[in-house]
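Below: the structure, in structure tokens.
This structure is a prediction, so every number in the text was calculated from the model and none was measured. Below, chain A is the first sequence line, B the second, and so on; all start at residue 1.
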2 protein chains.
Amino acid sequence: MHGSRKVVNITRLRQACRTCTLMELCLPMGLTSDDIQALESIVHVKGPLDRGAHLYREGDAFQAIYAVRHGALKTYSIDADGREHVLGFHLPGELLGLDAIYPRYNRCSSVALASSSVCVLPFSQLAELAQKVAGLQATILRLMSKDLSMSANLATDHTAEERLAGFLLSLAQRTGAGTELQLAMPRRDIASYLRLATETVSRLLARFQQEGLLEVHRKQVRLLDLDGLRELGGSFEMMDRRRQRTGFV
Amino acid sequence: MHGSRKVVNITRLRQACRTCTLMELCLPMGLTSDDIQALESIVHVKGPLDRGAHLYREGDAFQAIYAVRHGALKTYSIDADGREHVLGFHLPGELLGLDAIYPRYNRCSSVALASSSVCVLPFSQLAELAQKVAGLQATILRLMSKDLSMSANLATDHTAEERLAGFLLSLAQRTGAGTELQLAMPRRDIASYLRLATETVSRLLARFQQEGLLEVHRKQVRLLDLDGLRELGGSFEMMDRRRQRTGFV
DNA sequence: CGAGTACTTGACCCAGATCAAGCCATGTGG
DNA sequence: CCACATGGCTTGATCTGGGTCAAGTACTCG
């Protein structure tokens, strides 16, 4: 290792990088600028992906994990009866493809919900780099652990009301756009993700609105009563109130 | 690095280690014997834990992850209404505590379902060692990825029948005891894990027996018609037909 | 052998699914 | 610029898988 060992502040670096193609959004925090350069050398941008374009498909050999730069993607799988199950939504700053490490091929497909771009992180090179850079290894482990908690949380038993309220709060947190949400996904996908019928999502949104918890018009949602929603979605809400991006963004 | 670089075969090593206290069960595969010694130096055994004894509790500071040596444990959390949700069962050779890496404290509790012992893997030392030993880093990443897939799978939408059939198949696979299962957990825990009522589990087991799919008497289950069960539990069944232990065991 | 706990079985009920119209935004071709 | 098609969304009516409640039954462990 040579050169600067100064640890880079994430927001400052993002500002400084406004001009560079690769790292404008995809940068790990807590790394030295040397390390970041090394990371930059293995990463490349893919996109823009049009709405409906696939990033990868079920069965593809596992090559890379991805960090969303902008837009939104969903991951889904098709079961034996041909029905789609939405497994997750991926917003700017979030990783996807981690579940393919173990089986070495993708167990689900990933498609853009809106025009999107991603950072491609070739896994073998990433793992090699993480071997040298302790902060990078730590970041990857923490992000995988986070996904693990979120997934376990979703797997637990809650009412439709709790799941939807929790989902909206989680979205608000993850987009960081305050109480003004622009849903990237159709009702059908929200329903599938939450294990509900489309109609139930629709009805619950109508009811939440009637109860003054939020205002909804198509994909526009304004959360009016966060505490009220928390009371409903309480245990379903995500763990970190304070904002915490992946570090790859 | 000095000394032997020979990669150790897991079964041979387990045989060879019958006598040593620490590594009898907890050994990572694909490592050199040097690396294994390094790992051994940071690991220690905890147990036996009596049935009902806690390994850790919700809120405990995150210190270590654990590999089950023998017995069985469950992880669970208590929701806002005081109800227990079983998050997972952990059999010999499996890891637990991975979900605590991100928040740095345990988000769930872990309790022994039967007399059990575990390997304690202090996380900071483990991470440090994984920094030096590529095979160890790779193993950890793969195991976390595996948990991610399993959890995502459980989170999807299936009937009670599908979930129970899948669960039984998954248990049979994980215990590696063929078609003869000895359930370590009470019905109530199976039900909670699968998001069902205890009565539903009981009724379904009765029905499966009636249909000739299995024989059940209390905690003894003998799977009679694996293909029939697979047909029911199909997409819910775990990914790896062929046996694949953690590598820590 | 008695008390407690786990399990089973039956009767009933309800949250949310399914079925069935209609509605509303966007795009498309005339 | 307007019909009108298309697909997403809403709303109502009805149905049902699995939950809940209520007894029993059978292990298990002092």
Side-chain angles (χ1 to χ4, degrees), chain A residues 50-52 72 74 79 81 83-86 111 113-115 156-168 181-211 214-221 232-233 236, chain B residues 50-52 72 74 79 81 83-86 111 113-115 156-168 181-211 214-221 232-233 236:
Chain A
D50 289 337
R51 179 178 140 82
K74 74 170 175 187
D79 72 14
D81 308 330
R83 285 197 306 203
E84 177 181 319
H85 294 267
V86 173
V111 65
L113 291 165
S115 178
T156 57
D157 184 26
H158 299 275
T159 64
E161 190 178 83
E162 289 171 326
R163 292 211 291 278
L164 185 59
F167 175 71
L168 293 172
L181 292 181
Q182 164 81 8
L183 302 177
M185 67 296 285
R187 301 283 191 269
R188 175 173 28 84
D189 286 348
I190 298 176
S192 170
Y193 178 63
L194 298 177
R195 307 190 299 270
L196 300 171
T198 308
E199 294 93 325
T200 303
V201 171
S202 200
R203 273 189 259 266
L204 280 176
L205 283 173
R207 218 187 72 205
F208 286 173
Q209 174 157 345
Q210 205 175 309
E211 289 167 349
L214 49 74
E215 261 171 31
V216 55
H217 179 68
R218 296 273 149 164
K219 313 229 154 193
Q220 286 301 331
V221 177
L232 293 182
F236 189 70
Chain B
D50 289 337
R51 179 177 140 83
K74 73 171 175 185
D79 72 13
D81 308 330
R83 285 198 304 203
E84 177 181 318
H85 294 268
V86 173
V111 67
L113 291 166
S115 177
T156 57
D157 185 25
H158 299 276
T159 63
E161 189 178 83
E162 288 170 327
R163 292 211 290 278
L164 185 59
F167 175 71
L168 292 172
L181 291 182
Q182 164 81 8
L183 303 178
M185 66 297 286
R187 302 281 191 273
R188 174 171 30 86
D189 286 347
I190 298 175
S192 171
Y193 178 64
L194 298 176
R195 306 189 300 269
L196 299 171
T198 307
E199 295 91 326
T200 303
V201 171
S202 198
R203 274 188 259 266
L204 280 176
L205 284 174
R207 216 186 76 206
F208 285 173
Q209 173 158 299
Q210 205 177 310
E211 289 167 350
L214 49 75
E215 260 170 32
V216 56
H217 179 69
R218 295 277 147 161
K219 312 229 156 193
Q220 286 300 331
V221 178
L232 293 182
F236 189 71

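- Between A/Gln209 atom CD and D/dC9 atom P there is a gap of 15 Å when expressed in whole angstrom units.
- Atom CD in B/Glu199 sits about 14 Å away from atom C1' in C/dC13, given to the nearest Å.
- Once rounded to the nearest 0.5 Å, the distance linking CG of A/Leu196 with CG of A/Leu204 reads 7.0 Å.
- Side-chain atoms of B/Arg187 come within 3.5 Å of backbone atoms of B/Arg218 as a donor-acceptor pair (strictly under, hydrogens ignored).
- Judged by distance alone, the side chain of A/Asp81 and the main-chain N or O of A/Arg83 form no donor-acceptor pair under 3.5 Å.
- To the nearest angstrom, C1' of C/dA6 lies 16 Å from CD of B/Gln220.
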Using side-chain contact (heavy atoms from CB on, under 4.5 Å), reason through B/Arg163 and B/Tyr193 one step at a time and then give a plain yes or no.
CA-CA 10 Å; B/Arg163 292 211 290 278; B/Tyr193 178 64; over 6 Å; no
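- Between A/Thr159 and B/Val201, the residue anchored nearer the 5' end of DNA chain C, judged by the nucleotide with its closest heavy atom, is B/Val201.
- Computed from coordinates, the A/His217 NE2 to D/dC9 P distance equals 11 Å when rounded to whole Å.
- You'll find that the side chain of A/Leu196 is closest to C/dA17, out of C/dA17, C/dA25, C/dT9.
- When distances run from any side-chain atom of B/Pro186 to the nucleotides C/dA6, D/dG18, D/dC21, the shortest one goes to C/dA6.
- Computed from coordinates, the A/Arg203 CZ to D/dT14 C1' distance equals 11 Å when rounded to whole Å.
- Checking side-chain atoms of A/Glu162 against main-chain N and O of A/Thr159 turns up a donor-acceptor pair under 3.5 Å.
- Here B/Arg187 reaches the OP1 or OP2 of C/dT8: one of its side-chain N or O atoms lies under 4.0 Å away.
- From one end of the helix from C/dC1-D/dG30 to C/dG30-D/dC1 to the other, with five pairs defining each end axis, the axis direction shifts by 40° (rounded to 10°).
- Contact annotation: A/Arg218 side-chain N/O to D/dG8 OP1/OP2 distance is not under 4.0 Å.
- Close to D/dG19, at under 4.0 Å from its OP1 or OP2, lies a side-chain N or O of B/Thr200.
- One can place CD of A/Glu161 at 8 Å from P of C/dG16, the figure rounded to the nearest angstrom.
- The residue A/Arg207 sits apart from the nucleic acid: no heavy atom pair falls under 4.0 Å.
- Salt-bridge check for B/Arg203 with B/Glu199: failed, with every basic side-chain N at 4.0 Å or more from each acidic carboxylate O.
- The side-chain heavy atoms of B/Glu84 and B/Asp189, taken from C-beta on, include a pair separated by under 4.5 Å.
- Distances shown here put a side-chain N or O of A/Lys219 below 4.0 Å from the OP1 or OP2 atom of D/dC9.
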Using the side-chain contact (heavy atoms from CB on, under 4.5 Å) rule, take B/Thr156 and A/Asp79 through it: C-alpha gap first, then chi angles, then the decisive distance, then the call.
CA-CA 10 Å; B/Thr156 57; A/Asp79 72 14; over 6 Å; no
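- Counting any heavy atom pair closer than 4.0 Å across all strands shown, A/Ala160 reaches sugar-phosphate atoms only and no base atom.
- Between A/Arg188 and the phosphate of D/dC9, there is no side-chain N or O to OP1/OP2 separation shorter than 4.0 Å.
- Atom P of nucleotide C/dA6 and atom CG of B/Leu183 are separated by 15 Å, given to the nearest angstrom.
- Rounded to whole Å, atom C1' of D/dG19 lies 12 Å from atom CZ of B/Arg163.
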